[in-house]
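Structure first, commentary second.
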Amino acid sequence: MLSCGNGKQRQKKRFISSVIFIIPQVLISSSIPLCCGIVGLQTDYCIDATVKCGFEHGLKMIVPANTNSTLDNAYMTAENSYRYYNEFMWNGRYAECISFEKNLELMNR
């Protein structure tokens, strides 16, 4: 555990994202194109790191609309953070941000 300046304890992280747990390295290095859908909490922390790390490892990252969220922080409201990452930072750069309905269609193929 790490001690923060405010006296709270934080878990020491060993990995920047969950990609290491999602996709074994043998699949990442294969010639089969892999697609990974991302949903979860903390858009500006865990989800951002996972999207960028997956992209960096050659995965096609998909972020369905309204499937990640976060809290207000000192710089942005939760809504502004969601829009910043989903509409500006990731879409067309690190991920394909699609409607939830389109995601369901892809899953049913």
Side-chain angles (χ1 to χ4, degrees):
M1 298 289 266
L2 299 174
S3 180
C4 300
N6 60 8
K8 294 182 180 179
Q9 296 285 312
R10 267 200 257 195
Q11 185 67 36
K12 185 176 179 181
K13 293 184 83 169
R14 292 182 22 214
F15 307 103
I16 194 164
S17 78
S18 60
V19 168
I20 194 165
F21 301 109
I22 297 171
I23 310 296
Q25 190 62 36
V26 68
L27 291 177
I28 290 174
S29 61
S30 78
S31 61
I32 301 168
L34 297 176
C35 182
C36 188
I38 301 298
V39 301
L41 303 174
Q42 291 302 121
T43 300
D44 47 344
Y45 290 102
C46 305
I47 304 299
D48 182 50
T50 301
V51 166
K52 290 174 179 173
C53 189
F55 171 82
E56 182 176 55
H57 282 88
L59 302 174
K60 178 180 180 182
M61 305 303 286
I62 303 236
V63 182
N66 302 309
T67 60
N68 62 85
S69 64
T70 196
L71 303 170
D72 291 351
N73 63 46
Y75 305 100
M76 288 188 242
T77 65
E79 180 181 352
N80 284 344
S81 290
Y82 173 88
R83 292 188 64 216
Y84 173 77
Y85 288 98
N86 287 267
E87 296 173 14
F88 172 72
M89 179 57 66
W90 301 330
N91 198 26
R93 183 176 292 139
Y94 303 114
E96 185 179 349
C97 298
I98 60 175
S99 71
F100 189 77
E101 293 75 19
K102 184 174 179 185
N103 186 68
L104 289 176
E105 288 175 24
L106 291 172
M107 291 173 62
N108 288 321
R109 285 188 190 169

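In what follows, every heavy atom counts, from backbone to side chain, and hydrogens, waters and symmetry copies are set aside.
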| Tell me, do Leu106 and Arg109 make a side-chain contact under 4.5 Å, heavy atoms counted? | yes
| task | Report yes if the side chains of Tyr82 and Thr70 come closer than 4.5 Å at any heavy-atom pair, otherwise no. | result | no
| query | Is there a side-chain contact between Pro64 and Thr67 (heavy atoms, below 4.5 Å)? | reply | yes
| Hey, any chance Val51 and Tyr84 share a hydrophobic cluster, counting ILVMFWY side chains that come within less than 4.5 Å of each other, even indirectly? | yes
| Any chance CZ of Arg83 has more than 12 other-residue heavy atoms, nucleotides or ligands included, within less than 6.0 Å? | no
| said: Any non-hydrogen side-chain atom of Asp48 less than 4.5 Å from a side-chain atom of Gln42? | reply: no
| task | For atom CD of Glu87, decide whether the heavy atoms of other residues, nucleotides or ligands shown that lie under 6.0 angstrom number more than 12. | result | yes
| message | For Glu96, is there any backbone N or O sitting under 3.5 Å from a side-chain donor or acceptor partner on Asn91? | response | no
| field | Criterion side chain to side chain contact (heavy atoms under 4.5 Å, CB included) on Met61 and Ile38, from CA distance to verdict | value | CA-CA 7 Å; Met61 305 303 286; Ile38 301 298; 3.5 Å; yes
| query | Between Trp90 and Tyr85, how do the two ring planes meet: parallel, tilted or perpendicular, split at 30° and 60°? | reply | tilted
| Phe88 six-ring centre to Arg93 NZ/CZ under 6.0 Å and within 45° of normal | yes
| Note, Ile62 side chain near Cys36 side chain (heavy atom, < 4.5 Å) | no
| query | Considering all heavy atoms of both residues, which atom of Cys46 and which atom of Leu41 are nearest to each other, and what is their separation? | reply | CB-O, 4.0 Å
| said: Is there a path of hydrophobic side-chain contacts, each under 4.5 Å between heavy atoms of I/L/V/M/F/W/Y residues, joining Val63 to Tyr94? | reply: yes
| What's the verdict on side chain to side chain contact (heavy atoms under 4.5 Å, CB included) for Leu59 and Cys35, showing C-alpha distance, side-chain angles and the deciding distance? | CA-CA 6 Å; Leu59 302 174; Cys35 182; over 6 Å; no
| note | Between Leu71 and Ala78 the two heavy atoms that sit nearest each other are C-CB, 3.7 Å
| Sidechain-backbone polar pair: Ser81 side chain, Asp44 backbone, donor-acceptor under 3.5 Å | no
| With a 4.5 Å limit on heavy-atom distance, are the side chains of Asn80 and Thr77 in contact? | yes
| Side-chain donor-acceptor contact under 3.5 Å, Asn86 with Asn68 | yes
